[in-house]
Amino acid sequence: MYKSHFNPAFTMAEVLITIGLIGLVAAMTLPTVISDSQKKSTVVQVKKFYNTINNAVQFSIAQNGDVEYWMGEPHNATKEENLEFLKLYILPYIKYNKYDYCVKNENRVCIYMSSGGMFTFRYDGNGGDIVYYVNGKRNRTFRNAFAFQFNKINGKDSDGNEIKRLNRKTSIEPYTYEWDGTYDQLLNHPIFGCRRNNALGYGAFCTKLIQMNNWEIPDEYPW
């Protein structure tokens with residue numbers, strides 16, 4: 001009887017080539033997979049903070065009245081004033097581990113959330129400024145720092161015209177100070193635009209850009 005000499009098993013060389021191809025494909029796709037996962041995780045945390053802080057504001061309104069009267073006349077608050085504001089209007093309605101004065105020579109207060117992350121708060125002549133840091137450290141990068149505002153006056157444009165208030169006074173919203181309402185300026189504003197090499201060093205408008213993209217990081221985001 002004729003006996004075939006065909007061996008269906010892979011040779012060692014073929015196995016090594018296959019493993020090499022799998023490794024090459026993994027090396028090409030793994031960074032994208034990791035990056036996408038990091039983006040989703042970051043946005044989930046930022047949106048959770050957004051919901052948490054706004055729930056706190058709504059509870060505080062029920063106890064303390066309209067936010068229009070919380071801050072008094074616009075002025076650059078001291079760090080002691082900022083802390084007293086937080087103790088009265090925000091801290092009783094959130095879960096946090098601790099708070100402190102962020103840096104001795106500035107007026108911001110740092111609040112470390114029980115659920116992770118940290119945010120800074122200050123009130124100046126234009127209203128309240130909040131920056132949420134995903135990793136709990138004050139690293140102002142596009143992946144870590146996300147700016148919000150509270151009861152903010154949006155100021156004037158380059159021609160001196162009043163800019164319409166773009167955020168509701170009764171909530172904490174993504175930072176839009178001096179924004180003209182266009183998508184293009186969210187990216188290209190020379191100071192606050194969500195792009196590299198702006199004057200601020202990180203994208204204050206990036207939070208709004210993400211919100212406008214249904215809480216997803218768009219392709220043009222400088223991740």
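Note that the structure is predicted; figures quoted are calculated from it, not measured.
- Side chain of H189 to main chain of L187: no donor-acceptor pair is present (N/O by atom type, distance under 3.5 Å, no hydrogens or angles).
- The shortest distance between side-chain heavy atoms of F148 and T207 falls below 4.5 Å.
- Taken from SG in C194 to CD in Q185, the straight-line distance is 13.0 Å, to the nearest 0.5 Å.
- Here the side chain of W70 pairs no donor or acceptor atom with the backbone of F85 at under 3.5 angstrom.
- The same ILVMFWY cluster, assembled from side-chain heavy atoms under 4.5 Å apart, contains both Y99 and Y112.
- Around atom CG of N51, more than 12 heavy atoms belonging to other residues, nucleotides or ligands sit under 6.0 Å away.
- Contact between C102 and V109 at its shortest, heavy atoms only, is SG-C, 3.3 Å.
- Residues F150 and S171 approach most closely at CD1-O, 3.8 Å, considering heavy atoms.
- Residues N188 and Y183 have side chains not in contact (no heavy-atom distance under 4.5 Å, counting atoms from C-beta outward).
- With a 4.5 Å cut-off on side-chain heavy atoms, Q211 and E173 count as touching.
- Contact check for I90 versus I53: side-chain heavy atoms found under the 4.5 Å cut-off.
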K98/M118 under side chain to side chain contact (heavy atoms under 4.5 Å, CB included): CA gap, chis, key distance, verdict | CA-CA 10 Å; K98 65 175 183 175; M118 177 268 288; over 6 Å; no

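- Closest approach of Y96 to L91, counting heavy atoms only: CE2-O, 3.5 Å.
- Inspection of the Y202 and N139 side chains reveals no N or O donor paired with an N or O acceptor under 3.5 Å.
- The backbone N or O of Q38 sits less than 3.5 Å from a side-chain atom of T42, completing a donor-acceptor pair.
- Between the side chain of Q149 and the backbone N or O of T176, at least one donor-acceptor pair lies under 3.5 Å.
- Side chain of N107 to main chain of A77: a donor-acceptor pair is present (N/O by atom type, distance under 3.5 Å, no hydrogens or angles).
- Ring orientation note: the planes of Y132 and F49 are close to parallel, at an angle under 30° on the 30°/60° scale.
- Between Y123 and G72, the shortest heavy-atom contact is OH-O, 3.9 Å.
- A tilted orientation is assigned to the rings of F192 and F205, their planes being inclined by 30° to 60°.
- Looking only at atom types and distance, the side chain of Y101 has no donor-acceptor partner in the side chain of R108 under 3.5 Å away.
- In this structure, CG in L200 is found 11.0 Å from CZ in R195, a value given to the nearest 0.5 Å.
- A 6.0 Å sphere centred on CZ of F59 holds no more than 12 heavy atoms belonging to other residues, nucleotides or ligands.
- Rounded to the nearest 0.5 angstrom, W223 CH2 and E220 CD are separated by 14.5 Å.
- Going from atom NZ of K208 over to atom CG of N213 covers 11.0 Å, rounded to the nearest 0.5 Å.
- The distance from the CG atom of N151 to the OH atom of Y69 is 11.5 Å, given to the nearest 0.5 Å.
- Across every non-hydrogen atom of A204 and A147, the tightest pair is O-CB, 3.7 Å.
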Begin from the C-alpha positions of K95 and T52 and carry the test side chain to side chain contact (heavy atoms under 4.5 Å, CB included) through to its verdict.
-> CA-CA 9 Å; K95 294 181 179 179; T52 298; over 6 Å; no

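- Considering only heavy atoms from C-beta on, L86 comes within 4.5 Å of I111 through its side chain.
- N198 places a side-chain N or O within 3.5 Å of a backbone atom of G193 that can act as its donor or acceptor partner.
- Taking the charged nitrogens against the carboxylate oxygens, K152 and D129 do have a contact shorter than 4.0 Å, which makes a salt bridge.
- Between the side chains of D124 and N76, no donor N or O sits under 3.5 Å from an acceptor N or O.
- Ring pair Y50/W215 is tilted by interplanar angle, where 30° to 60° counts as tilted.
- Annotation for L88 and P92: closest pair O-CG, 3.9 Å, computed over non-hydrogen atoms.
- Contact annotation: the side chain of F142 approaches that of R196 to within less than 4.5 Å [non-hydrogen atoms, C-beta and beyond].
- Using a 4.5 Å cut-off between side-chain heavy atoms of Ile, Leu, Val, Met, Phe, Trp and Tyr, with links allowed through other members, L83 and M71 fall into the same hydrophobic cluster.
- Of the possible donor and acceptor atoms, one in the side chain of N144 sits under 3.5 Å from a partner among the backbone N and O of V134.
- No donor-acceptor contact under 3.5 angstrom links the side chains of K48 and Q45, judged on distance only.
- Between P74 and N126 the shortest side-chain heavy-atom distance does not fall below 4.5 Å.
- Using a cutoff of 4.0 Å between basic side-chain nitrogens and carboxylate oxygens, E80 and R122 are not scored as salt-bridged.
- Side-chain contact between V43 and E216 is absent, with no heavy-atom pair separated by less than 4.5 Å.
- Side-chain contact check for T182 and D184: no donor-acceptor pair (N or O, by modelled atom type) lies under 3.5 Å.
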Candidate pair M212 and L186, rule side chain to side chain contact (heavy atoms under 4.5 Å, CB included), full reasoning | CA-CA 10 Å; M212 288 188 68; L186 289 179; 3.3 Å; yes

Check against side chain to side chain contact (heavy atoms under 4.5 Å, CB included), I130 and T120 | CA-CA 5 Å; I130 295 170; T120 63; 5.9 Å; no

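- Within the 3.5 Å criterion, the main-chain N or O of Y133 finds no donor-acceptor partner in the side chain of R138.
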